[in-house]
Amino acid sequence: PLPAGFACVITDDERGVAACLATHIAREGGKAILIRGRHSSTASGETGYSADLSHLDSVESELSRIRDDCGRIGALIHLAPLREEEGASLPNAAEWRSRTATEVKGLFNLMKAAGGDVRQSSGRRYTGLLAAASMGGGWALGSDTPDSPDSNFFPAHGGIAGIVKTAAQEWPEVACRVVDMDLRDSPDELASRLFAELCTPDSCVQVGYRNGRRVSVRPATSSIPRSSAPDAAQLKSGMPVLGPDSVVMATGGARGITAEIAIDVAARSPGSTWVLLGRSPSPAETEPAETRALETIEAVRAHFVSAARTDGSKFSVTAVESKVRRLIQEREIRRNLTRFVAASAMVRYVQADVGDSAAVAAAIADVRREFGRLDGVIHGAGTIDDRLIESKSPESFDSVFDPKVDAAVSLAHALDDSPPSFLVFFSSTAAAFGNKGQCDYAAANEVLNKLAEFLVRRWKRRVVAIGWGPWDGAGMVSPELRKSLIAAGTPMIDVAHGVTAFTRELESGSIGSSQVIYTGELAT
Ligand SMILES: NC(=O)c1ccc[n+]([C@@H]2O[C@H](COP(=O)([O-])OP(=O)(O)OC[C@H]3O[C@@H](n4cnc5c(N)ncnc54)[C@H](OP(=O)(O)O)[C@@H]3O)[C@@H](O)[C@H]2O)c1
């Protein structure tokens with residue numbers, strides 16, 4: 001089934017799957033070139049190719065050597081994620097980062113380095129982008145995953161799925177697939193399945209092999225009780241219910257949709273305490289007189305343009321825009337802090353970059369020391385920097401992926417000794433479906449989805465990643481994006497409906513529902 005002259009690059013799992021798959025490919029007249037990790041056991045003098053997958057330069061230079069030796073690369077097969085045996089524990093931060101760098105970001109680097117080749121040559125005659133994950137074969141989707149009480153998969157492998165699902169949208173001329181595998185199966189079995197996936201370029205993007213059966217991932221609709229009042233059975237099962245003594249931390253909770261939700265929940269639990277984390281400095285209690293009366297963004301911009309023109313320094317549009325942005329954000333934070341107080345909540349804003357694990361650990365320790373409890377955490381901090389894979393730099397990928405994921409991992413570690421009654425990650429539909437220009441964002445959010453399931457199994461508490469569709473009227477959807485979403489007929493989430501959906505999910509969703517999606521026109 002493989003076309004004449006077929007040549008593909010395979011990152012080596014070094015447990016025999018890649019070698020066995022190469023034999024299958026050779027039998028069909030194709031050529032497989034294995035790349036080993038540079039810091040792996042490659043003996044000096046050993047022939048073959050190796051690269052530090054975590055560095056784009058290293059990947060690019062080795063792929064150009066391969067191109068010189070073997071011609072154009074027809075397919076990219078990423079099996080390095082199968083290299084590690086999964087342990088039962090939560091990886092420490094250093095191990096997490098190092099594995100993510102090669103197994104998740106390494107895939108992005110390979111796609112940047114070989115995407116042009118694969119897009120030109122594969123023509124959907126076979127699967128041109130094929131990546132593997134090892135989460136047990138069922139993508140850690142609740143009941144389809146091993147019954148073991150331990151978490152025995154690496155949640156960051158969700159990131160591989162996020163990247164491949166985005167590639168499937170950005171590269172329509174390439175069949176893209178990501179396969180979850182159970183490492184208890186033999187290398188021979190795994191290689192045979194991967195060979196079948198390589199030769200079957202259908203439109204199925206996310207599949208797995210569970211107990212020897214091929215499964216595909218599709219979202220399904222489900223309903224939860226419409227009443228927001230938890231019943232006795234739910235109370236008994238440990239569902240989170242907030243009272244006047246409750247203390248909740250919300251990353252990104254001073255602005256955007258996290259603030260809208262947190263204020264709504266606070267208003268339902270008068271007297272509760274809210275600790276909000278954000279990078280912006282804490283705003284002064286009142287806005288300086290010279291800008292206070294400027295109501296529109298245009299008026300604020302005109303003010304800073306005129307101030308810049310008269311202060312004698314070189315005029316810079318970037319500097320003006322940054323001042324405009326800061327002022328608008330300060331106003332939003334100030335207004336929201338006032339709304340918490342109006343909702344009879346105690347609120348504290350803490351300036352912290354949640355991408356910094358020490359800052360997250362310190363914030364949690366401070367809350368516990370001061371209030372003696374921490375009932376719930378909402379991780380809403382996140383940013384976007386939309387660009388197609390070809391034009392996205394590793395720095396841009398990191399700027400979106402790292403803060404969101406590192407913060408989630410830091411929270412998991414800091415809360416592990418005494419988990420709160422709920423932890424909610426704000427994820428996105430981009431994780432479930434991929435989204436053009438958002439390979440990093442899709443990857444980060446899909447890691448959060450899988451980390452939620454990992455923590456549910458570990459903590460037996462309510463941990464849920466909510467994959468939101470775009471919201472209308474609050475948050476990161478810019479006026480330009482809003483226009484194009486409306487033009488494309490994409491239904492958006494109205495603020496009032498979104499906040500109600502959150503409360504209902506938190507109070508009435510089940511402990512096993514760790515990955516849910518809310519999108520479209522939600523009803524109250
Ligand atoms: N709005 C939507 O339509 C939508 C859809 C799907 C998913 N989501 C998710 O929902 C969450 C909130 O989104 P949003 O629309 O409300 O965004 P937003 O309006 O841009 O607010 C993002 C918040 O995160 C904080 N933040 C960002 N990076 C941070 C960091 N490194 N450390 C600490 N705080 C940080 C920001 O505060 P500072 O700037 O002060 O740091 C801000 O408070 C995000 O995780 C997003 O991915 C949103």
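Both ligands and their constituent atoms are indexed starting at 1 by order of listing.
Taking a 6.0 Å sphere around CZ of R368, one finds it holds more than 12 heavy atoms contributed by other residues, nucleotides or ligands.
At a 3.5 angstrom cut-off on N or O pairs, I257 counts as close to ligand 1. Taking any N or O of V477, backbone or side chain, none lies under 3.5 Å from an N or O belonging to ligand 1. Below 3.5 Å of separation, one finds no N or O of S428 facing any N or O of ligand 1. Taking only nitrogen or oxygen atoms, main chain and side chain alike, M476 reaches within less than 3.5 Å of ligand 1. Distances between N or O atoms of K404 and those of ligand 1 include at least one value under 3.5 Å.
The closest non-hydrogen atom to atom 9 (C) of ligand 1, taken over W471, Y349, Y441, comes from Y441. Across P403, A444, S478, G278, heavy-atom proximity to atom 34 (N) of ligand 1 is greatest for G278.
For atom 33 (C) of ligand 1, the closest heavy atom belonging to the protein is A352 O, 3.3 Å. Closest to atom 29 (C) of ligand 1 among all protein heavy atoms lies R279 NE, 3.3 Å. Distance from atom 43 (O) of ligand 1 to its nearest protein heavy atom, with residue and atom name: G252 O, 3.3 Å.
Screening D440, D402, T100 for a side chain to side chain donor-acceptor pair (under 3.5 Å) involving K105 leaves a single residue, D402.
In this structure, F340 and W274 have tilted ring planes: the angle between them lies in the 30° to 60° band.
Looking only at distances, a side-chain donor or acceptor of S58 sits under 3.5 Å from a matching main-chain atom of D52.
Under 4.0 Å from ligand 1, the heavy atoms of S427 that appear belong solely to its backbone.
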